[in-house]
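Scroll down for the structure; my scribbles are underneath it.
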Amino acid sequence: MKGYKELKTISRVFHDYGIVLTGRKKFARFDQDLKMDKVFVMGLIFELEYQLQKEIADEHVKEIHAPAQLIELLMN
């Protein structure tokens, strides 16, 4: 049940940022497809870390290019 609660929180935060997580859209690149500036991507990552009380290592943050990658890091 813990995983469901985390996924619900993740979905809500992405929704607040206007990002749809259905279908192929979860693989859209933040910079190219979603036209998000790096500052907003960092804000999204910070908000997700805060809401889930988790921290992503700095070296992994640089590798995040799509919502699916971010969700995978947060769920592991």
Side-chain angles (χ1 to χ4, degrees):
M1 200 55 125
K2 181 182 176 191
Y4 174 76
K5 191 173 186 177
E6 288 178 343
L7 283 173
K8 189 174 178 180
T9 301
I10 290 170
S11 178
R12 182 177 39 79
V13 172
F14 272 102
H15 181 266
D16 291 346
Y17 274 75
I19 300 172
V20 179
L21 296 176
T22 57
R24 297 182 63 127
K25 293 180 181 179
K26 64 182 159 262
F27 300 108
R29 292 182 59 92
F30 288 119
D31 55 351
Q32 295 172 353
D33 302 321
L34 299 174
K35 308 288 189 228
M36 287 181 72
D37 191 59
K38 190 71 172 171
V39 173
F40 291 108
V41 175
M42 297 305 284
L44 171 66
I45 293 169
F46 173 79
E47 182 68 25
L48 286 166
E49 288 177 328
Y50 178 75
Q51 292 292 328
L52 296 173
Q53 297 296 307
K54 293 185 175 187
E55 188 173 342
I56 299 173
D58 289 338
E59 60 268 8
H60 293 299
V61 171
K62 296 175 186 175
E63 300 170 2
I64 298 172
H65 300 290
Q69 292 174 316
L70 181 54
I71 293 168
E72 184 177 346
L73 283 172
L74 289 167
M75 294 304 292
N76 291 331

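The minimum heavy-atom distance between Ala28 and Pro67, with the atom names listed, is O-CD, 3.1 Å. In terms of heavy atoms, Asn76 sits closest to Lys54 at O-NZ, 4.5 Å.
Taken from CG in Leu7 to CG in Leu21, the straight-line distance is 9.5 Å, to the nearest 0.5 Å. Distance check: Asp16 CG to Ser11 OG gives 9.5 Å after rounding to the nearest 0.5 Å. Going from atom NZ of Lys8 over to atom NZ of Lys5 covers 9.5 Å, rounded to the nearest 0.5 Å.
Remark: Gln69 pairs with no residue by the side-chain hydrogen bond (donor to acceptor under 3.5 Å, both in side chains) rule, at least two apart or across chains. In this view, Asp37 and Val39, Phe40 satisfy the side-chain contact (heavy atoms from CB on, under 4.5 Å) rule, not counting sequence neighbours. Partners of Asp33 according to the salt bridge (charged side-chain N to carboxylate O under 4.0 Å, His left out) rule, which considers only residues two or more places apart in sequence or in another chain, do not exist here.
When the side chains of ILVMFWY residues are joined at heavy-atom separations under 4.5 Å, either directly or via intervening members, Phe14 and Met75 end up in a single hydrophobic cluster.
Legend: salt bridge (Lys or Arg N to Asp or Glu O under 4.0 Å) pairs involving residues 21-30, not counting sequence neighbours, sorted by first then second residue: Arg29-Asp31.
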Per-pair distances, 0.1 Å, donor-acceptor, side chain in residues 42-53, under 3.5 Å, sequence neighbours excluded:
residue: Glu47; atom: OE2; partner: Gln51; partner atom: NE2; Å: 2.9
residue: Glu49; atom: OE2; partner: Ile56; partner atom: N; Å: 2.8
residue: Gln53; atom: NE2; partner: Tyr50; partner atom: O; Å: 2.8

